[in-house]
Enquirer: 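I'd like to ask some things about the structure below.
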Amino acid sequence: MSRVLIVGAGLTGSLCACLLRRKLPNKVNIVVWDKSRGAGGRMSTSRSPNDPSCTVDLGAQYISATPYYARIHSSFYEELLAQDILKPLVAPVEGMMLKEEEIVNYVTPHGVSSIIKHYLKESAGAEVLYDRHVTHIHRKSTTWEVCCKGGMPERFDIVVLTMPVPQILQLQGDVESLIGENQRRMLEAVSYSSRYALGLFYKADTRIDVPWAAKYVSNNPCVRFIAIDDKKRNLASKTCGPSVVVHTSVPFGIQHLEEEKDAVQPIILEELEKLMPDLPQPDSIKCQKWRYSQVTRSVADCPGQMILHSQPLLVCGGDGFTHSNFDGCIESALKVFEVLKSSL
């Protein structure tokens, strides 16, 4: 049995774990590490500190399936629809740009992180650990020794890296010298947008009277997108209060990237008040800084994965190797799995 470490419990990492468990159940022991306190990565769902049933999606807002990906990834969409993890987006979204005819948009009634939780559940038996921030990877003969902040080093036969590309380049140990010059150039060329997200949680019986469930904002220097999250997901509850998510524009995110969240939050709230002066006072607020929000330039030719070392195997994946959406992550997970399958 090979011991496989997947670094990153986002969509690519969780689906890799699921594919390994389903297709190679007797060949691998699967371990998943993530530096955060929970699963999801940029598909994260946050809970109100005062009411865990009140949630907000601070990352991905909905999933858009083009006819092409709806066809080639049909099994993934069908599985998530059958489990009620995905539902068609039926609520009104103002200012949505339809880039292609016949695109179908989906929402996640239980929060976008429910997709990741589903795949981790389907990788039954995988050891999933949080607060594991990987810092060093050392080659030890036929295995890898992986170190994380505040923890003991552990040995693995195979390591899969699915975190944002800049975080891969920050890793220390032997991995620095194993990345070839051409590979390093390709990785350093990957770029991401940055933005802030604000989650506003409300008490039960709070009313937010707007004619839309979500809207794109084009005339504000700070705010780019607002969603009444429970309305966007087509949920109605008398026992749970509504939640609102606000995404800033990329220029605003870049301008304030190195500032503390506590300093940026009041600026966002001030701009939100200009746009929605009748918005009630929230019960609590969460501010999220997305340093690596969406990939603006991926690895050239979008290979889906990159092998940094073959014996023992060290392979990278994630949207930095394809494109920054649901189908890009699925594509990458499939490509990474093919590499793993051929080496096991």
Side-chain angles (χ1 to χ4, degrees), residues 1-24 27-35 41 116 119-120 123 126-128 132 134-148 154-190 292 295 298-324 328-344:
M1 295 278 277
S2 294
R3 194 164 188 240
V4 179
L5 172 65
I6 298 170
V7 182
L11 180 53
T12 304
S14 63
L15 183 51
C16 278
C18 173
L19 292 169
L20 282 170
R21 174 61 66 233
R22 286 178 175 177
K23 296 177 184 288
L24 302 171
K27 289 193 172 184
V28 288
N29 285 321
I30 306 163
V31 181
V32 181
W33 284 359
D34 196 281
K35 70 174 188 174
I116 282 67
Y119 288 135
L120 290 175
S123 61
E127 183 183 7
V128 184
R132 292 290 198 281
V134 173
T135 57
H136 295 69
I137 300 178
H138 301 282
R139 186 182 172 190
K140 300 289 183 182
S141 185
T142 58
T143 63
W144 297 107
E145 182 182 79
V146 184
C147 310
C148 62
E154 291 194 37
R155 295 280 186 101
F156 300 93
D157 300 296
I158 293 171
V159 175
V160 180
L161 304 173
T162 71
M163 62 272 235
V165 170
Q167 293 178 353
I168 295 172
L169 290 167
Q170 289 164 12
L171 291 171
Q172 299 174 48
D174 294 333
V175 69
E176 289 179 284
S177 59
L178 290 172
I179 299 175
E181 192 177 320
N182 187 46
Q183 286 182 322
R184 184 173 293 279
R185 271 199 305 271
M186 293 169 75
L187 293 173
E188 286 175 345
V190 176
Y292 307 114
V295 176
S298 61
V299 167
D301 301 323
C302 298
Q305 53 77 24
M306 181 183 284
I307 297 170
L308 299 183
H309 198 266
S310 52
Q311 294 287 337
L313 181 62
L314 176 62
V315 60
C316 309
D319 59 354
F321 298 85
T322 51
H323 41 94
S324 205
C329 291
I330 289 180
E331 216 164 68
S332 178
L334 291 168
K335 293 284 178 64
V336 170
F337 174 73
E338 288 304 314
V339 172
L340 296 172
K341 188 170 71 169
S342 64
S343 70
L344 289 166

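This structure is a prediction, so every number in the text was calculated from the model and none was measured.
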Enquirer: With E181, which residues qualify under side-chain hydrogen bond (donor to acceptor under 3.5 Å, both in side chains), at least two apart?
Expert: R185
Enquirer: Considering only heavy atoms from C-beta outward, does the side chain of I158 approach that of L344 to under 4.5 Å?
Expert: yes
Enquirer: Under 3.5 Å, which donor-acceptor pairs do the side chains of residues 329-341 form with other protein atoms, sequence neighbours left out?
Expert:
from : atom 1 : to   : atom 2 : distance (Å)
E331 : OE2    : Y69  : OH     : 3.0
S332 : OG     : G304 : O      : 2.7
S332 : OG     : G318 : N      : 2.7

Enquirer: Just by modelled atom types, is the V7 backbone N or O under 3.5 Å from a matching donor or acceptor in the T162 side chain?
Expert: yes
Enquirer: Side chain to side chain contact (heavy atoms under 4.5 Å, CB included), that's the test. Do V146 and T135 meet it? Break it down for me.
Expert: CA-CA 8 Å; V146 184; T135 57; over 6 Å; no
Enquirer: Going by atom types alone, do S324 and D319 pair a side-chain donor with an acceptor below 3.5 Å?
Expert: yes
Enquirer: Kindly give the heavy-atom pair with the smallest separation between Q183 and L178, and that separation in Å.
Expert: OE1-O, 4.2 Å
Enquirer: Please list all pairs passing the ring pair (Phe, Tyr, Trp, His ring centres under 6.0 Å) test where one or both residues lie in residues 155-174, with sequence neighbours left out.
Expert: W33-F156
Enquirer: So V31 and I6, do their side chains get closer than 4.5 Å, heavy atoms only?
Expert: no
Enquirer: Could you give the distance from CE (M186) to CG (D301), rounded to the nearest 0.5 Å?
Expert: 6.5 Å
Enquirer: Working to the nearest 0.5 angstrom, can you tell me the gap between Q311 CD and T142 OG1?
Expert: 9.5 Å
Enquirer: Mark yes or no for whether R3, through its side chain, and L5, through its backbone, hold a donor-acceptor pair below 3.5 Å.
Expert: no
